[in-house]
Amino acid sequence: MSQTLKAIRGTRDLLPPETALWNRIEATARDVFARYNFGEIRTPVFEDTALFARGVGEETDIVSKEMYTWEDGERFNEQRMIVDWESLNRSDDPTHVQAGRAHVERLSPLLTQLNAIGVQREVTWGVALPGQQLPGSAPEFVCFRPRISSEAISALLEARELAKSDPASHLRQTHVRLRLVVPANAADNPWVERHDVTIQWFEGNFFDSAQSLTLRPENTAGVVRAYIEHGLGESGQLQKLYYIGPQFRRERPQKGRYRQFSQIGAEVIGPPSAGSESPLRDAEILEMLATLLDELGISGWTLELNSVGSSADRARYNDALRAALVPVVSQMCADCQRRAVTNPLRVLDCKVPADQPIIETLPVIADSLDEASRVHFAAVMAALDAAGVPYTRNHRLVRGLDYYTRTTFEFTHGGLGAQNALLGGGRYDGLSEMLGGPRAPGIGFAMGEDRLVLTLLAALDQNAATLKAEAYIAPLDEGLNADALVLARELRHQGLWIELGDGGFRLKKSFEAADKTARHIIILGEDELKSGILTVKNFSTGIQTKVPRAELAVFLSTPASE
RNA sequence: GCGGCUAUAGUUCAGUGGCAGAACGCCUGUCUGUGGCACAGGAUGUCGAGGGUUCGAUCCCCUCUAGCCGCCCCA
């Protein structure tokens with residue numbers, strides 16, 4: 001069991017019958033998008049890391065700690081191996097992982113130092129190769145030489161030589177990992193903070209990278225990149241694009257939150273002359289989303305709406321907020337005190353009940369909007385009112401990504417726990433320019449498909465099991481198997497959904513299997529084969545009928561037969 | 001990344017420091033071309049992985065891994 005491979009953390013398999021629900025959701029989304037004249041775009045699942053750093057924002061959590069990034073096209077570089085081993089020496093806080101690169105020749109002094117502080121007994125280390133395992137650690141590494149110092153160094157040097165001499169070797173990806181396990185009772189050990197175990201990783205990389213690549217953590221940046229790259233703005237037309245596909249973020253998994261997750265999203269983007277900046281576009285998207293959720297069968301959604309204005313507005317608001325927080329922040333929770341310094345906007349998200357009255361007294365961003373943003377937002381709301389799309393203004397709705405401007409929104413649904421947002425989005429008037437493209441205002445959203453499925457499953461509760469084949473063909477003897485296949489072929493060519501049994505089964509077993517997977521059972525014995533009159537039994541009515549072979553397809557697909 | 005809870009049959013879960021349990025599901029028979037019901041029988045597990053304590057560990061201790069919940073943040 002310990003040897004079997006499993007889906008890695010935060011990823012999962014989607015199996016029938018749940019996949020049917022996924023397909024239904026996607027089909028409904030495609031149908032709605034088509035009616036609103038959106039076309040599908042498929043962008044690569046990985047892009048240049050710089051795209052996300054610039055587009056999503058260097059300072060966001062997504063970019064700073066949640067991306068799957070790797071160095072592509074690495075080359076061996078001896079110089080680069082000599083880096084930063086000193087960071088271990090000046091470690092003030094031993095509980096933090098030391099992210100550094102080790103020169104292989106320096107591992108020996110490192111070990112000496114570790115011996116000096118009394119951890120030699122527990123040091124395990126070695127060269128790790130992709131696809132192999134270091135005991136009790138990251139699954140992709142193996143420990144060649146546990147608990148042996150000089151031999152481990154030899155192994156490292158050997159691996160380095162191999163990598164140099166064979167550029168195609170998988171050793172090109174060799175990393176050195178050193179794992180230190182400090183005994184729990186080493187109270188006076190400077191590496192131990194608690195009476196517990198501290199683990200430190202020391203990682204070295206033999207290679208220079210030609211390019212840094214990242215699995216997409218969201219799709220808007222990729223869509224805008226494609227818009228720029230293909231000069232879609234040159235058409236002068238508004239681009240209305242939707243996508244459905246996997247995204248990747250390295251977060252702690254929870255229900256409705258996975259490391260590979262699927263988003264359904266859409267973007268409206270184009271030159272201002274095409275009307276891309278019009279509040280009508282905002283309203284159209286929101287009205288479309290209301291339609292989509294309704295058609296998906298989501299009831300009880302809430303649309304929360306806000307405007308964060310231009311980036312200048314937001315900066316002004318940030319200052320106002322910071323100023324307003326100064327006199328009151330000391331009465332707030334610890335998180336808020338931290339946020340007040342690092343990211344005042346996040347104070348608005350605080351869920352601590354005691355803080356709510358204070359938050360209510362803080363300035364709202366609506367008061368910091370310039371005239372243009374104010375007019376824009378009013379027009380969006382007027383259009384929604386006219387269309388009868390219900391919404392609530394939420395002054396605290398401030399989206400996390402850097403590129404949002406003006407309209408921001410979120411559709412939420414109860415019953416998702418802490419992950420109550422079904423979808424979120426907003427306007428990003430400056431994103432194209434941030435990525436070096438032409439001026440191309442846009443607005444878009446992304447819907448968490450995994451959460452949508454959860455919501456729908458909770459609503460459906462059962463009954464996804466109505467998906468059954470039209471008929472199950474039960475040959476009565478193994479000698480009739482070939483004839484059964486011929487019959488199945490006939491019916492399937494006529495468009496029927498057919499399951500094929502096996503003549504090796506006893507009839508009782510055929511019935512049991514058939515009842516689980518199909519609405520009818522067709523019995524194929526010698527008599528039926530000779531006469532061309534088949535025995536068909538309907539499971540819901542229990543009625544058994546003799547049907548001529550030529551009429552089978554009609555009989556099976558006629559509702560009256562049920 | 002932090003904190004809490006959890007991990008036992010295909011599934012949902014009981015349970016005990018001394019040979020591993022139930023329900024459902026699965027298989028077989030009663031029933032040689034008629035299921036759903038009933039009855040009788042049967043199979044299934046490295047008790048998540050590794051180490052420790054012990055004469056003996058699925059149970060106690062440590063570590064790792066994974067899931068769930070909360071935080072951070074977000075879809």
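Below, read A as the first sequence line, B as the second, and so on, with proteins coming before strands; counting in each chain starts at 1.
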Review point. With a 3.5 Å cut-off and no angle check, do the side chains of A:W22 and A:E26 form a donor-acceptor pair?
Key: no
Check your understanding: Any luck finding a side-chain donor-acceptor pair between A:T517 and A:K468 under 3.5 Å?
Key -> no
Review point. Taking for each residue the nucleotide of RNA chain B with the nearest heavy atom, is it A:D61 or A:A7 whose nucleotide lies nearer the 5' end?
Key: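 In this pair, the answer is A:A7.
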Revision key, fill the gap. Partner of A:K240 under salt bridge (charged side-chain N to carboxylate O under 4.0 Å, His left out), picked from A:E40, A:E267, A:E284, is A:E284
Review point. Is there a side-chain contact between A:R259 and A:I8 (heavy atoms, below 4.5 Å)?
Key: no
Practice item. Report yes if the side chains of A:L303 and A:L289 come closer than 4.5 Å at any heavy-atom pair, otherwise no. Key: no
What nucleic acid atoms does [X] come within less than 4.0 Å of, heavy atoms only: base, sugar-phosphate, or nothing?
{"X": "A:E251", "value": "base"}
{"X": "A:R12", "value": "nothing"}
{"X": "A:G10", "value": "sugar-phosphate"}

With rounding to whole Å, what would you report as the distance between [N] and [M] at their [atom1] atoms?
{"N": "B:C59", "M": "B:U53", "atom1": "C1'", "result": "13 Å"}
{"N": "B:C13", "M": "B:C68", "atom1": "C1'", "result": "16 Å"}
{"N": "B:C72", "M": "B:C2", "atom1": "C1'", "result": "8 Å"}
{"N": "B:A9", "M": "B:U58", "atom1": "C1'", "result": "14 Å"}
{"N": "B:A38", "M": "B:A43", "atom1": "P", "result": "22 Å"}
{"N": "B:G42", "M": "B:C47", "atom1": "P", "result": "23 Å"}
{"N": "B:U28", "M": "B:G33", "atom1": "P", "result": "13 Å"}
{"N": "B:U8", "M": "B:A49", "atom1": "C1'", "result": "15 Å"}

Review point. Ignoring hydrogens and geometry, is there a side-chain-to-backbone donor-acceptor pair from A:N306 to A:N394 under 3.5 Å?
Key: yes
Practice item. Could you tell me whether the side chain of A:H520 and the main chain of A:A514 form a donor-acceptor pair under 3.5 Å? Key: no
Exercise for review: For side chain to side chain contact (heavy atoms under 4.5 Å, CB included), just list the numbers for A:V308 and A:Y317, CA-CA rounded to whole Å, side-chain angles, deciding distance to a tenth of an Å, and then say yes or no.
Suggested key: CA-CA 9 Å; A:V308 296; A:Y317 177 61; over 6 Å; no
Check your understanding: Rounded to the nearest 0.5 Å, what separation is found between the CG atom of A:L529 and the CG atom of A:D477?
Key ->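 Those atoms lie 11.5 Å apart.
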Check your understanding: Looking at residues at least two apart in the chain, or sitting in another chain, which of them share a ring-ring contact (aromatic ring centres under 6.0 Å, His included) with A:F409?
Key -> none
Practice item. Apply the test ring-ring contact (aromatic ring centres under 6.0 Å, His included) to residues A:Y242 and A:F38: give CA-CA distance (whole Å), side-chain angles for both, the deciding distance (0.1 Å), then the verdict. Key: CA-CA 6 Å; A:Y242 78 87; A:F38 280 73; 7.4 Å; no
Check your understanding: Does B:C19 fall in syn (glycosidic angle within 90° of 0) or anti?
Key -> syn
**Study point:** Qualifying salt bridge (charged side-chain N to carboxylate O under 4.0 Å, His left out) pairs, either residue in residues 285-295 of chain A, two or more places apart
**Key:**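 Listed by first then second residue: A:R35-A:E295.
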Review point. Do the side chain of A:R257 and the base of B:C73 come within less than 3.5 angstrom through a donor-acceptor pair of N or O atoms?
Key: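 Yes, the side chain and the base share a sub-3.5 Å donor-acceptor pair.
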**Study point:** Side chain A:R451 and base B:C74 donor-acceptor under 3.5 Å
**Key:** yes
**Study point:** RNA chain B-proximal residues of residues 214-224 of chain A, any heavy atom under 4.0 Å
**Key:** none
Roughly how many Å is it from [atom1] in [X] to [atom2] in [N], rounded to a whole number?
{"X": "A:R252", "N": "B:A66", "atom1": "CZ", "atom2": "C1'", "value": "11 Å"}
{"X": "A:L348", "N": "B:C72", "atom1": "CG", "atom2": "P", "value": "13 Å"}
{"X": "A:R259", "N": "B:C68", "atom1": "CZ", "atom2": "P", "value": "11 Å"}
{"X": "A:L422", "N": "B:C74", "atom1": "CG", "atom2": "C1'", "value": "13 Å"}
{"X": "A:F409", "N": "B:C74", "atom1": "CZ", "atom2": "P", "value": "16 Å"}
{"X": "A:K255", "N": "B:C68", "atom1": "NZ", "atom2": "C1'", "value": "8 Å"}
{"X": "A:Q247", "N": "B:C73", "atom1": "CD", "atom2": "C1'", "value": "17 Å"}
{"X": "A:Q254", "N": "B:C73", "atom1": "CD", "atom2": "P", "value": "13 Å"}

Practice item. Determine, for nucleotides 28-36 of chain B in 5'-to-3' order, which nucleotides have protein heavy atoms under 4.0 Å from the base (write B), from only the sugar-phosphate (write S), or from neither (write -). Key: -SBS-BBBB
Point to revise | Heavy atoms from other residues, nucleotides or ligands near CZ of A:R12 exceed 12 (cutoff 6.0 Å) | key: yes
**Study point:** Reference residue A:F46; test ring-ring contact (aromatic ring centres under 6.0 Å, His included); the match among A:F52, A:W70, A:Y68
**Key:** A:W70
Practice item. Let me see the working for A:D61 and A:E251 under side chain to side chain contact (heavy atoms under 4.5 Å, CB included), right down to the final yes or no. Key: CA-CA 10 Å; A:D61 277 17; A:E251 296 183 277; over 6 Å; no
Review point. In dot-bracket notation, what is the pairing pattern of RNA chain B, taking Watson-Crick (N1-N3 plus N6-O4 or O6-N4) and G-U wobble (N1-O2 and O6-N3) contacts under 3.5 Å, with [ ] crossing and | for other strands?
Key: (((((((..((((....[..)))).(((((.......))))).....(((((..]....))))))))))))....
Point to revise | Note: A:E512-A:K509 ion pair, threshold 4.0 Å (strictly below) | key: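 Result for this pair is no, no salt bridge flagged.
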Under 3.5 Å between N/O atoms: give me all the protein pairs with nucleotides 6-11 of chain B, atom names plus distance.
none

